[in-house]
Amino acid sequence: MDTRPSTDDSADQTFQAVRHAITSRKSTRAFLPRPVDPALIDELLQIAGMAPSGSNIQPWQVHVITGKARDRLSADLLAAHQENAPEEREYQYYPVKWRSPYIERRRATGWGLYGLLNIVKGDHEAMARQHGRNYEFFDAPVVMIFTMDNDMETGSWLDYGMFLQNIMVAARGCGLHTCPQAALVSYPRIVRKHLNIQDDKILVCGLSLGYEDTTNIVNQFQPSRMSLDEFVTYHRD
Ligand SMILES: Cc1cc2nc3c(=O)[nH]c(=O)nc-3n(C[C@H](O)[C@H](O)[C@H](O)COP(=O)(O)O)c2cc1C
């Protein structure tokens, strides 16, 4: 529903374009092999760097991985996954103790994706195979790994999220899709070795970038969102 007064055509077009960029972003889990112009990657990162950050400290650092470097990283991550190597996160992403309503949302998302792929409860092999697609970057030709100096505080994580969202939204503006991936930092030693990342950095997450494979059913997955009354409290009088 469009509730704004439509007096200014160019403002309206801008709003439609921004809305489309935001709402057409989705975690894309099948990409075409089509390469991405390196100049476009630079432009996206330049745009994303316009994100706000407290006192403009800009805590983000990005590794862009393509070509043979991408293939080598993928091979080692996939091998670790297939050998059931223990995952080692450098920070706690999820609640330590899952509870309602988050556990239900998590389950709905997991089972929604698996259901679409005809993966049934108990088929651990198929689940592991699908999880392993993370380490093939869902076939995306471009991978990013994000790091931050490890003495930054909680506020910098807030700043970081804005930077990441900017990349994903800007990517939509030029026909690209993305998948943000915490999975890409679940074997930090492998990532650190490949990208020569020192101990004074923390691995934040990764992101796959490329052109969507629209023929793959996995990309039809659309997890639902809360309605306004579930997350907004109005204070009026
Ligand atoms: C920081 C972050 C890490 C994520 N990590 C993964 C991941 O490792 N693998 C994956 O398939 N999806 C990952 N996701 C995608 C979420 O599952 C997805 O954003 C959520 O289900 C909502 O779906 P949508 O992005 O398509 O709107 C991640 C999302 C975020 C924001």
Side-chain angles (χ1 to χ4, degrees), residues 19-31 48 51 59-63 65 73-74 77-78 80-81 85-95 98 101-117 119 126-140 142-148 152 154 156-172 176-188 190-191 202-214 216-227 230-231:
R19 187 200 342 234
H20 182 259
I22 292 173
T23 58
S24 68
R25 184 215 56 79
K26 60 182 178 180
S27 294
T28 300
R29 298 186 178 90
F31 291 87
W60 37 81
Q61 298 144 3
V62 188
H63 292 255
I65 308 126
L73 178 62
S74 172
L77 288 174
L78 194 59
H81 168 69
E87 299 190 0
E88 301 168 351
R89 290 274 159 74
E90 294 185 345
Y91 64 95
Q92 185 66 34
Y93 186 87
Y94 287 114
W98 282 98
Y102 307 108
I103 182 71
E104 290 85 1
R105 289 184 196 147
R106 178 179 167 81
R107 286 193 183 127
T109 305
W111 289 117
L113 183 67
Y114 288 147
L116 193 66
L117 300 174
I119 298 174
M127 284 184 221
R129 218 177 309 122
Q130 176 56 30
H131 185 66
R133 293 283 293 141
N134 274 286
Y135 305 112
E136 296 172 317
F137 316 126
F138 305 114
D139 299 330
V142 183
V143 187
M144 295 182 190
I145 296 286
F146 303 96
T147 70
M148 179 166 71
M152 294 292 104
T154 313
S156 291
W157 292 89
L158 194 64
D159 300 339
Y160 221 117
M162 303 191 196
F163 172 70
L164 293 172
Q165 174 76 347
N166 267 2
I167 296 177
M168 295 187 270
V169 170
R172 290 308 301 123
L176 288 159
H177 273 91
T178 53
C179 188
Q181 290 172 269
L184 297 188
V185 293
S186 50
Y187 299 112
I190 294 176
V191 174
I202 186 161
L203 301 187
V204 174
C205 69
L207 177 138
S208 294
L209 172 80
Y211 294 95
E212 179 187 7
D213 178 355
T214 54
N216 194 314
I217 192 169
V218 76
N219 287 333
Q220 289 175 18
F221 183 49
Q222 266 196 322
S224 66
R225 292 299 199 268
M226 289 186 281
S227 56
E230 289 176 275
F231 70 96

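Just so it is clear, the values below take in all heavy atoms, side chains as well, and ignore hydrogens, waters and symmetry mates. Read the numbers this way: they start at 1 and go in the same order the structure lists the ligands and their atoms.
Close approach to Ala183 involves these atoms of ligand 1, each under 4.0 Å from a residue heavy atom: 8 (O). With ligand atoms numbered from 1 in the order given, ligand 1 contributes 21 (O) to contacts under 4.0 Å with heavy atoms of Thr109.
Considering only non-hydrogen protein atoms, atom 3 (C) of ligand 1 sits nearest to Ala182 N, 3.4 Å.
Atom NE2 of His131 is surrounded by more than 12 heavy atoms from other residues, nucleotides or ligands within 6.0 Å. A 6.0 Å sphere centred on OH of Tyr102 holds no more than 12 heavy atoms belonging to other residues, nucleotides or ligands. The environment of CD in Glu88 is crowded: more than 12 heavy-atom neighbours from other residues, nucleotides or ligands sit within 6.0 Å.
With hydrogens and angles left out, the side-chain atoms of Tyr135 and Ser186 include a donor and acceptor closer than 3.5 Å.
With sequence neighbours excluded, no residue forms a side chain to side chain contact (heavy atoms under 4.5 Å, CB included) with Thr154.
Distances between N or O atoms of Pro223 and those of ligand 1 include no value under 3.5 Å. Any N or O atom pair closer than 3.5 Å counts here, and Pro180 shares at least one such pair with ligand 1.
Look at Arg225 and you'll find a heavy atom under 4.0 Å from some atom of ligand 1. No heavy atom of Phe221 sits closer than 4.0 Å to any atom of ligand 1. Taking 4.0 Å as the cut-off, Arg25 counts as a neighbour of ligand 1 on heavy-atom distance.
Here the closest heavy-atom approach between residue Cys205 and residue Leu164 is recorded as SG-CD1, 3.8 Å. Among all heavy-atom pairs drawn from Gly132 and Leu78, the shortest one is O-CD1, 3.4 Å.
The nearest non-hydrogen atom to atom 31 (C) of ligand 1, considering only Tyr135, Tyr160, Tyr93, comes from Tyr93. With distances taken over non-hydrogen atoms, the option nearest atom 12 (N) of ligand 1 out of Gln181, Lys26, Arg29 is Arg29.
Contact annotation: for Ser27 versus ligand 1, heavy atoms closer than 4.0 Å belong to both the backbone and the side chain. Contact annotation: for Asn134 versus ligand 1, heavy atoms closer than 4.0 Å belong to the side chain alone. With a 4.0 Å heavy-atom cut-off, ligand 1 is reached by the side chain of Phe138 but not by its N, CA, C or O.
Residues Trp111 and Tyr114 bring their aromatic ring centres within 6.0 Å.
Ion pairing between Glu104 and Arg107 fails under the 4.0 Å rule for side-chain N and carboxylate O.
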